[in-house]
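Here is the structure we will look at, set down as structure tokens.
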Amino acid sequence: MARHLITSALPYINGIKHLGNMVGSMLPADVYSRYLRQRGHDVLYICATDEHGTPAELAAKEQGLPVDEFCAQAHDAQKAVYDGFALAFDYFGRSSSPENRDITQHFARRLNENGFIEERSIRQVYSPVDGRFLPDRYVEGTCPHCGYDKARGDQCENCTRVLDPTDLINPRSAISGSTDLEIRETKHLFLLQSKLENEVREWVSKHDKDWPQLASSIAHKWLTEGLHDRAITRDLDWGVPVPADTWPELAAEGKVFYVWFDAPIEYIGATKEWADQDPENRDWKSWWYDVDTDVRYTEFMAKDNVPFHTVMFPATELGVREPWKKVDYVKAFNWLTYYGGKFSTSQKRGVFTDQALDILPADYWRYFLIANAPESDDSSFTWEHFTATVNKDLADTLGNFVNRVLSFSRKRFGDDVPAGGTPGEAEAKLGAEIAALLAEYESHMESLQFRKAAAALRALWSAGNSYLEEKAPWLEIKTDKDGAALTLRTAMNLIHLYAVVSEPFIPATAKTMREAFALADDTATWVTADEAKALTAVPAGTPFTVPPVLFAKLTDEDLETYKTRFGGEPTA
């Protein structure tokens with residue numbers, strides 16, 4: 001059985017992330033990790049804050065903090081939100097760690113030894129007002145491709161095209177806003193991607209039949225346009241320093257590596273951070289070095305991160321000429337929009353993850369986001385859609401089923417699961433249906449089709465309601481008390497089954513459902529087809545309690561409150 005290495009795109013350090021960021025990387029990675037663990041796989045889920053680069057320096061300056069202090073505080077703030085969402089990372093590291101510094105410098109030295117790094121003199125934007133060269137993100141202006149007037153010098157947020165600062169129309173300093181910019185000569189290190197293009201193309205082509213179309217099409221688009229040699233150093237005060245033993249002149253000038261060079265390496269760095277906490281029992285290289293046949297590596301990211309993970313980082317790994325593990329499957333997502341407009345950290349548009357947790361518990365958000373994950377195309381968040389989904393799927397279909405089964409049984413049969421009669425045709429039919437739906441759910445989870453998996457899970461919940469309506473124990477008890485007891489015992493077993501198989505989506509609620517039953521030895525991690533058909537995990541006589549309402553229905557007043565606070569359709 002293969003071990004599963006899972007990473008999600010590193011959230012950038014400058015502020016709490018929005019719901020689009022959550023559903024595009026970390027949340028689906030968590031759902032998949034939880035599912036694999038429940039199925040008995042050895043899983044390592046690694047993530048970290050991406051802490052280098054221009055925005056970190058700018059954000060620290062805005063808050064009047066040293067950049068290292070700002071990043072430490074921001075890391076803890078982000079981690080608190082992810083804990084609130086119940087993201088079960090095995091380790092959540094920091095790209096500013098000593099481990100990442102050492103591995104990044106190792107990669108750079110090896111690339112240089114193999115002839116894939118070259119020192120070049122280039123003409124770069126210089127701001128006399130600021131008294132410094134401006135790295136790409138310190139330059140803002142109008143995108144020459146789409147006309148977006150807040151494009152950065154490395155990439156346009158609007159059309160996602162990769163840019164150089166000199167491409168921008170009407171450029172200005174992001175520090176001072178000055179348009180008095182000059183072009184001066186300076187030296188930087190370049191990764192010679194052009195020399196690695198054929199190797200990258202061959203490697204990407206091997207995954208054409210495996211990867212989602214979104215991931216492979218973006219990778220091939222970059223390859224079709226041709227891989228260009230790219231500067232991998234910047235003039236910044238904060239970052240992985242260029243090693244003085246290899247490039248003494250550049251090190252003396254204070255050059256650091258480009259954030260998109262060191263950030264993907266942090267997947268490896270964070271794994272070493274994890275291992276360094278318990279070196280006697282954890283071997284980071286067993287997950288990353290010379291393990292192609294043993295480890296199944298899956299990456300989760302939104303589409304703007306795909307080029308760097310399918311082309312640039314693989315080129316880096318190929319160029320070091322060492323057997324570092326490369327990704328097996330790239331699960332790429334489109335955008336989650338907010339009423340048709342982009343969620344935007346920089347423009348404070350949309351619902352941010354800390355705000356979401358202030359409004360409702362994490363399971364409301366986890367279920368809605370995964371059930372509407374932007375897999376095949378963009379999907380839109382609206383408060384109307386969110387409210388309808390919560391009420392229909394969570395409150396009515398699942399929550400109401402659990403409450404009415406346990407409440408009615410307690411009222412009529414006491415605090416223990418009733419025995420009742422022998423299962424009959426209705427129970428056999430239900431068991432077969434549940435087993436089939438469970439197999440469908442498993443299939444979609446295995447293939448990382450999250451919306452389909454959510455639909456299958458919803459169908460499992462609905463099957464319980466259909467059974468309950470068919471048997472109608474509130475009527476059955478008037479003429480066949482044993483029959484009503486059987487119906488309720490069967491329904492209680494469905495609740496336990498739901499607790500087990502719903503855990504990847506709604507872990508807190510799953511725990512509450514499972515704890516409703518005082519089972520002496522409840523160690524089930526999954527449900528087999530035979531167990532689904534039998535529905536006997538919770539035997540008669542098991543004490544149970546009625547938990548609080550699992551999901552509160554959202555009212556029209558709630559809807560208006562949310563829309564007033566966050567707004568409806570964006571105006572920009």
Side-chain angles (χ1 to χ4, degrees), residues 6-34 37 44-53 55-56 58-60 62-97 99-100 238 263 266-267 269-271 273-274 276-277 300-302 336 343-346 348-370 381 386 503-512 562 565-566:
I6 296 173
T7 64
S8 53
L10 308 185
Y12 198 69
I13 196 66
N14 64 333
I16 300 299
K17 305 298 111 176
H18 53 68
L19 294 182
N21 184 282
M22 176 66 70
V23 74
S25 56
M26 290 175 285
L27 180 56
D30 178 73
V31 170
Y32 187 54
S33 298
R34 286 176 176 275
R37 290 190 190 103
L44 184 63
Y45 177 21
I46 293 292
C47 194
T49 39
D50 179 6
E51 300 189 6
H52 294 139
L58 293 175
E62 287 179 6
Q63 294 194 17
L65 293 172
V67 66
D68 58 342
E69 184 178 335
F70 164 79
C71 287
Q73 292 181 10
H75 170 87
D76 291 346
Q78 286 199 26
K79 181 60 165 58
V81 173
Y82 304 144
D83 289 344
F85 268 87
L87 301 184
F89 304 116
D90 288 286
Y91 189 76
F92 186 71
R94 300 181 60 187
S95 69
S96 60
S97 69
E99 289 87 349
N100 192 45
W238 176 246
E266 167 60 7
Y267 298 130
T271 308
E273 294 169 50
W274 164 79
D276 286 348
Q277 291 187 331
F300 290 79
M301 69 199 68
L336 176 70
F343 280 85
S344 173
T345 301
S346 61
K348 307 291 188 212
R349 177 190 296 149
V351 186
F352 288 74
T353 49
D354 57 343
Q355 298 169 329
L357 294 178
D358 284 342
I359 297 170
L360 291 165
D363 281 0
Y364 289 71
W365 300 103
R366 287 178 62 102
Y367 176 78
F368 173 84
L369 291 171
I370 294 297
F381 177 92
F386 175 75
E503 191 266 345
F505 281 70
I506 46 174
T509 306
K511 184 173 184 289
T512 298
Y562 301 149
R565 177 176 175 182
F566 295 98

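Keep in mind it's a predicted model, so treat the numbers as computed, not measured. Below, all heavy atoms of this structure are taken into account, side chains as well, without hydrogens, waters or symmetry copies.
The CG atom of Asn14 sits 11.5 Å away from atom OG1 of Thr49, with the distance rounded to the nearest 0.5 Å. To the nearest 0.5 Å, the span separating CG on Leu369 from CE on Met22 amounts to 8.0 Å. Summarising the geometry, atom OG belonging to Ser95 is positioned 10.5 Å from atom NE2 belonging to His75; distances are rounded to the nearest 0.5 Å. Annotation: the span from Tyr364 atom OH to Thr509 atom OG1 amounts to 8.0 Å, rounded to 0.5 Å. Note that the CG atom of Leu10 and the CD1 atom of Ile13 stand 10.5 Å from one another [nearest 0.5 Å].
With sequence neighbours left out, Asp30 forms a salt bridge (charged side-chain N to carboxylate O under 4.0 Å, His left out) with Arg34, Arg366. Every residue two or more places apart in sequence or in another chain was checked for a ring pair (Phe, Tyr, Trp, His ring centres under 6.0 Å) with Tyr91, and none qualifies. Shown here are the side chain to side chain donor-acceptor pair (under 3.5 Å) partners of Asn21, two or more places apart in sequence or in another chain: there are none. Residues meeting the side-chain contact (heavy atoms from CB on, under 4.5 Å) test with Ala510, sequence neighbours left out: Glu503. With sequence neighbours left out, Asp363 forms a salt bridge (charged side-chain N to carboxylate O under 4.0 Å, His left out) with no residue at all. Take Glu51 and apply the salt bridge (charged side-chain N to carboxylate O under 4.0 Å, His left out) test, not counting sequence neighbours, and it matches Arg94. When the side-chain contact (heavy atoms from CB on, under 4.5 Å) test is applied to Ala29, the partners found at least two apart in sequence or on another chain are Ile6, Ser8, Tyr45, Phe300. Evaluation of the ring pair (Phe, Tyr, Trp, His ring centres under 6.0 Å) rule for Tyr562 yields Trp383 as partners, not counting sequence neighbours.
Side-chain atoms of Tyr12 come within 3.5 Å of backbone N or O of His52 as a donor-acceptor pair.
Scanning all heavy atoms of the two residues, the minimum distance from Cys71 to Trp238 falls at SG-NE1, 3.7 Å.
Residues Tyr82 and Cys47 form no side-chain contact, since every pair of their non-hydrogen atoms from C-beta on lies 4.5 Å or further apart. Proximity of Glu266 to Ser97: side-chain heavy atoms (C-beta onward) are separated by under 4.5 Å at one or more points. Contact of the Leu336 side chain with the His18 side chain is not registered, since no non-hydrogen atoms from C-beta on lie closer than 4.5 Å.
Of the candidates Phe85, Phe505, Phe386, Phe386 is the only one forming a ring pair (Phe, Tyr, Trp, His ring centres under 6.0 Å) with Trp365.
Sequence neighbours left out, the pairs with a member in residues 62-79 that pass salt bridge (Lys or Arg N to Asp or Glu O under 4.0 Å) are Lys79-Asp83.
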Enumerate, atom names and distances included, each donor-acceptor pair closer than 3.5 Å involving a side-chain atom of residues 353-361, sequence neighbours excluded.
| from | atom 1 | to | atom 2 | distance (Å) |
| --- | --- | --- | --- | --- |
| Thr353 | OG1 | Lys17 | O | 2.8 |
| Gln355 | OE1 | Phe352 | N | 2.9 |

